[in-house]
Amino acid sequence: MAIRLGDDAPDFSAESTEGTINFHEWKGDSWAVLFSHPKDFTPVCTTELGRVAALKPAFDQRNVKVVGLSIDGVEEHHRWSQDITDVTGSSLNFPLLADPDRTVANLYDMIHPNANDTQTVRSVFVISPDNKVKLTLTYPASTGRNFDELLRVIDSLQLTAEHKVATPADWKAGEDVVIVAAMSDEDAKVAFPDGWNAKKPYLRMVKQPN
Ligand code: BEZ
């Protein structure tokens, strides 16, 4: 079944390059990113895994655990990891799940049969500390993902988890944000005592709270 925003992120147990992972236990009360790859030893996936390895400090800084998935076995993953280091200069520093029987892929609806009936599409799930799905992305196998964009969305999700604000188009951390429409001007005066810039009554821009 499709996974939708706000759903509980399904739990699972799977082998990985870092041993058996019991997903909820491994994740604990951190944020998590679970992202899938169609297959080992494929060119786009190789570049993606190296990029995520290079960005690991940025995920750590945001209290986000990252875990990849590819449908091949742990042995193949270990052999492939050498190529990832050779090609990208970054070594796998997060677990890569093995999913040869597609248990996790099916649980997270990562196989879209009209695209490919055996390999996963490029799915991304961002999961909050309370194990709710906060973002889903689906890219085709032929398009590598933009992981800077993923960090940008995580910054937005973490900001809106703590403050009654939303983030506008192309927002980046540090730029002005939007007071949520559901907040009355009266309540906004308390929450944002320095005031805001009302471009429209429903579009009130304010400095990023944190
Ligand atoms: C790739 O990672 O390069 C790839 C994987 C599956 C289909 C197409 C490209």
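If you read the sequence from its start, that first residue is 1, and numbering goes on from there. Atoms within each ligand, like the ligands themselves, are counted from 1 in listed order.
The protein heavy atom nearest to atom 7 (C) of ligand 1 is Ala141 CB, 3.5 Å. Counting only heavy atoms of the protein, atom 3 (O) of ligand 1 lies nearest to Val44 N, 2.7 Å.
Per-residue contacts place Pro38 under 4.0 angstrom from the following atoms of ligand 1 (heavy atoms of the residue considered): 5 (C), 6 (C).
Inspection of the Asn22 and Thr20 side chains reveals no N or O donor paired with an N or O acceptor under 3.5 Å.
Taking the charged nitrogens against the carboxylate oxygens, Lys132 and Asp7 have no contact shorter than 4.0 Å, which rules out a salt bridge.
A continuous path of hydrophobic side-chain contacts links Val133 to Ile21 [ILVMFWY only; heavy atoms under 4.5 Å].
In this structure, the ring of Phe35 has its center less than 6.0 angstrom from the ring center of Phe147.
Among the atoms of Gln119, none of the N or O lies under 3.5 angstrom from an N or O of ligand 1.
Not counting sequence neighbours, Tyr139 has no partner by the ring-ring contact (aromatic ring centres under 6.0 Å, His included) test.
At a heavy-atom cutoff of 4.0 Å, ligand 1 is contacted by the side chain of Arg122 but not by its backbone.
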